[in-house]
2 protein chains.
Amino acid sequence: MTAAGKHQASRPIGRRLERAGIRDVAAAAGVSITTVSDALNGKGRLPDATRRHVREVADRLGYRPSAAARTLRTGRSGLIGLTVTTYGEEPFTFTEFAYFAEMARAATSAALARGYALVILPASSRHDVWSNVALDGTVVIDPSDHDPVVTDLVRQGVPVVSDGRPAGNLPVHAWVDNDHEAAVLDILDHLAAAGARRIGLLTGTSTDTYTRLSTTAYLEWCERVGQEPVYEAYPAHDPCAGAVAADRLLARPDRPDAVYGLFDPNGTDLLAAARRYGLRVPDDLLLVCCSESSVYATTEPPITTLSLKPGRIGTAVVQLLIDAIEGGGSGAPVQQVMPTDLIVRISSQRRQPRTTVSPPRNAGE
Amino acid sequence: MTAAGKHQASRPIGRRLERAGIRDVAAAAGVSITTVSDALNGKGRLPDATRRHVREVADRLGYRPSAAARTLRTGRSGLIGLTVTTYGEEPFTFTEFAYFAEMARAATSAALARGYALVILPASSRHDVWSNVALDGTVVIDPSDHDPVVTDLVRQGVPVVSDGRPAGNLPVHAWVDNDHEAAVLDILDHLAAAGARRIGLLTGTSTDTYTRLSTTAYLEWCERVGQEPVYEAYPAHDPCAGAVAADRLLARPDRPDAVYGLFDPNGTDLLAAARRYGLRVPDDLLLVCCSESSVYATTEPPITTLSLKPGRIGTAVVQLLIDAIEGGGSGAPVQQVMPTDLIVRISSQRRQPRTTVSPPRNAGE
DNA sequence: CAGCTTGACAGATACGTTTCTCCATGGCTG
DNA sequence: CAGCCATGGAGAAACGTATCTGTCAAGCTG
């Protein structure tokens with residue numbers, strides 16, 4: 001047999017498949033460990049011949065540097081946490097799928113392009129899981145008031161960037177958010193321009209920043225133009241509650257002739273409710289909702305949606321985070337406000353030729 | 001003397017915030033490193049008093065074990081890769097959002113419950129990113145024929161479990177998949193029972209297992225019942241192509257009176273197309289599509305959907321993977337076939353008693 | 001030709017754990 | 001009282017990498 005000689009001198013108690021280590025490569029290439037490390041990482045000063053030789057030997061042995069060892073030595077893991085809010089025990093709810101999916105997709109791409117990978121970590125994770133993964137930094141989506149995990153991370157000196165303004169005084173290093181007030185005002189103006197006299201709002205009962213800012217903007221707008229606010233609030237993470245709230249809103253005596261829904265499923269819910277009450281969209285009711293879903297392009301009628309551009313946000317958040325990681329936590333916290341995108345479809349436009357707008361059934365005061 | 005003596009011997013060049021290490025705890029508690037490790041991990045044989053004392057000191061110092069060091073020593077990182085197929089440079093497409101999101105959510109929860117976290121890793125990741133993260137195992141979604149990354153991982157001895165039957169002879173350790181044939185046959189029978197004479201199929205052009213199995217089942221069913229197949233295939237990752245294909249299918253001279261769409265957006269696309277051709281659903285056209293989206297509960301009319309139960313699949317995949325990781329790659333590959341769920345709504349049922357239904361405004365074009 | 005720089009590498013150490021081996025002590029039994 | 005076991009704990013060896021500090025020869029300069 002060939003390899004019978006020196007009983008190899010290595011430790012055959014290897015975990016699995018006796019992976020080749022850097023010293024095996026060094027031995028095989030007839031150079032020192034230092035040289036291998038330098039050659040592979042393009043560091044020291046070596047003649048190209050040596051560099052090539054080492055690389056080739058490494059390839060031949062199928063050498064893969066141990067991520068754990070490298071992390072231990074350098075203090076960098078190349079891992080970024082993606083913290084998602086939780087409802088009960090579950091990571092995120094159906095309501096936010098489209099937003100979250102798009103945001104995560106963009107974040108993943110952006111991180112990858114800079115050599116980082118994302119770790120999904122629900123905010124309510126068991127502590128042992130959190131501390132068991134070496135994170136270079138964390139993206140946190142819509143951090144709640146005093147998220148213990150985030151606080152903990154910040155205290156450990158791990159850079160944290162949040163998607164959405166941090167509630168309370170969470171000391172994140174940077175955040176990115178949409179200009180929610182501007183978005184709402186824009187929509188209300190758009191609806192008013194389309195002839196709406198009484199614009200209603202479908203909003204949430206939770207205290208997150210998005211809901212709060214949007215609702216406040218709505219109320220302010222109402223006050224400014226002298227309209228009585230007409231809104232229904234419901235727990236946004238419960239899809240059934242959304243349908244009920246939509247129905248309630250259209251059942252009111254002071255029924256609105258236009259509605260903006262803050263959450264993704266509101267569009268279909270409102271459409272269904274409108275149908276139940278025999279309201280035609282957009283003739284009797286103008287509709288807009290905030291959603292990333294493409295289904296609204298093909299509903300009957302297609303519904304105008306506000307896109308928060310989660311992709312842009314995901315990218316921005318990751319860039320900011322990696323800058324913080326690599327640049328060293330220099331300077332003051334960065335905050336970046338991104339515009340939204342109103343995709344106007346039929347549901348928010350009065351039919352053109354129609355001069356007289358069909359008034360609500362009984363115009364009562 | 002207590003401290004001051006030996007000038008501490010420590011290195012003040014610490015990366016960031018001089019995190020306390022295990023030896024700091026040992027010193028502070030007046031015991032050895034071994035004792036601290038044992039006390040914190042509940043291993044050795046120590047009196048409860050010592051154990052408590054060490055824990056308390058560790059807490060006081062805010063000690064967090066270094067994940068990197070632990071991983072290096074134990075060979076376990078507690079990290080599981082979640083590999084998603086890519087189209088172009090992007091991780092996944094809009095078509096699969098709902099499925100992917102639900103699957104990822106369940107997988108995250110399941111992993112977390114067993115002390116693992118998930119790392120998102122697009123299949124086309126740069127190699128250096130892949131090898132820079134220490135993975136205990138990997139979940140791969142719909143692996144393509146000879147995915148280089150998966151092959152590489154398997155060769156390194158990393159356990160791999162796939163969602164969907166592995167194409168080709170990818171040597172995964174286990175897989176979980178739906179019973180796609182049974183699902184399609186079930187749907188076709190269901191539509192036939194509702195009175196359909198000619199059932200059409202909206203399918204994909206790609207060669208993945210799902211598309212292939214489903215299409216084959218359809219063709220077989222057609223042959224068995226003696227129906228001429230009527231189908232359109234399109235590149236599933238292109239949403240616009242889907243709308244076009246739906247239109248084409250309903251424009252055919254041998255127009256089907258029922259359609260099953262294999263992909264998520266097919267429902268709304270078909271509905272839109274039906275509207276264009278003045279076809280009433282379900283009166284003139286029965287509709288079913290495969291989707292995880294809840295919007296189909298509130299479309300007009302609500303559409304019958306086939307759910308693949310991605311949550312169940314995600315959970316199963318993770319369980320299998322962790323079993324493989326912890327149990328040691330014992331035994332033959334496991335394969336697990338999970339049932340699907342047909343959610344019957346109005347679109348696939350002929351109206352029962354109703355004599356006259358309020359007809360659409362003007363039926364013609 | 002002594003002394004200096006520079007290129008090309010080798011040796012040794014540290015990163016922070018886990019764990020294997022080994023050493024005290026003290027209370028028993030035979 | 002010698003021998004033994006159980007208990008409680010300390011020491012030291014890995015794990016695999018990245019670097020810091022040398023070393024040695026060759027090529028210069030003055």
Side-chain angles (χ1 to χ4, degrees), chain A residues 9-27 29-54 58 61-78 128 131-134 156, chain B residues 9-27 29-54 58 61-78 128 131-134 156:
Chain A
S10 71
R11 60 262 92 97
I13 9 86
R15 205 81 37 194
R16 312 181 208 273
L17 251 46
E18 277 298 346
R19 298 196 5 161
I22 196 175
R23 68 172 137 257
D24 301 313
V25 178
V31 298
S32 80
I33 292 182
T34 308
T35 305
V36 175
S37 179
D38 283 351
L40 260 32
N41 298 337
K43 294 227 160 164
R45 20 170 214 190
L46 305 176
D48 278 0
T50 308
R51 226 175 266 278
R52 259 199 310 275
H53 176 226
V54 169
L61 297 189
Y63 167 71
R64 298 260 170 270
S66 149
R70 171 173 294 177
T71 301
L72 179 58
R73 182 68 236 252
T74 62
R76 288 274 173 75
S77 66
D128 53 316
S131 50
N132 247 348
V133 30
Q156 280 178 45
Chain B
S10 75
R11 63 266 89 105
I13 9 86
R15 201 86 30 200
R16 311 182 209 274
L17 254 44
E18 278 298 348
R19 297 194 9 160
I22 197 175
R23 68 172 137 253
D24 300 314
V25 178
V31 298
S32 78
I33 291 183
T34 308
T35 305
V36 174
S37 180
D38 284 351
L40 260 31
N41 298 337
K43 293 226 160 164
R45 20 169 216 193
L46 304 176
D48 278 0
T50 308
R51 223 175 270 277
R52 260 199 311 274
H53 176 227
V54 169
L61 296 189
Y63 167 70
R64 299 259 171 270
S66 148
R70 171 173 296 178
T71 300
L72 179 58
R73 182 66 238 248
T74 62
R76 288 273 173 75
S77 66
D128 53 314
S131 51
N132 247 347
V133 31
Q156 279 179 45

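All chains are named by letter (A, B, ...) in the order of the sequence lines, taking the proteins before the strands, and each is independently numbered beginning at 1.
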Would you please confirm or rule out a distance under 4.0 Å between OP1 or OP2 of D/dG16 and any side-chain N or O of A/Ser66?
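No, A/Ser66 has no side-chain N/O under 4.0 Å of OP1/OP2 on D/dG16.
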Between B/Arg64 and C/dT17, is there a contact of a side-chain N or O with OP1 or OP2 at under 4.0 Å?
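B/Arg64 to C/dT17 OP1/OP2: no side-chain N or O under 4.0 Å.
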Could you state the atom-to-atom distance from [atom1] of [X] to [atom2] of [N] in whole Å?
X	N	atom1	atom2	value
B/Arg51	D/dT7	CZ	C1'	13 Å
B/Leu46	D/dT7	CG	P	12 Å
A/Arg23	C/dA12	CZ	P	14 Å
A/Leu61	D/dG16	CG	C1'	15 Å
B/Leu72	D/dA14	CG	C1'	9 Å

Not counting sequence neighbours, which residues clear side-chain hydrogen bond (donor to acceptor under 3.5 Å, both in side chains) with [X]? List them please.
X	answer
B/Asn132	A/Arg70
A/Thr35	A/Ser32
B/Ser77	B/Asp136

Remember a base hit wins even if backbone is also touched, and classify A/Thr50 as base, sugar-phosphate or nothing at under 4.0 Å, heavy atoms.
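If one applies the 4.0 Å heavy-atom cut-off, A/Thr50 turns out to touch the sugar-phosphate alone, with no base involved.
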Partners passing salt bridge (Lys or Arg N to Asp or Glu O under 4.0 Å) against A/Arg64 (at least two apart in sequence or in another chain):
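Residues passing salt bridge (Lys or Arg N to Asp or Glu O under 4.0 Å) with A/Arg64: B/Asp152.
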Looking at B/Asn41 and B/Asp38, would you say the former's side chain and the latter's main chain have a donor-acceptor pair under 3.5 Å?
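Flag not set: sc B/Asn41 to bb B/Asp38 has no pair under 3.5 Å.
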I'd like to check the side chain to side chain contact (heavy atoms under 4.5 Å, CB included) partners of A/Ala67; sequence neighbours left out, ordered by chain and number.
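With neighbours one apart ignored, the set is B/Ala134.
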Would you mind building the protein contact string for nucleotides 18-24 of chain D? One character per nucleotide, 5' to 3', B for base within reach (heavy atoms under 4.0 Å), S for sugar-phosphate only, - for untouched.
BBB----
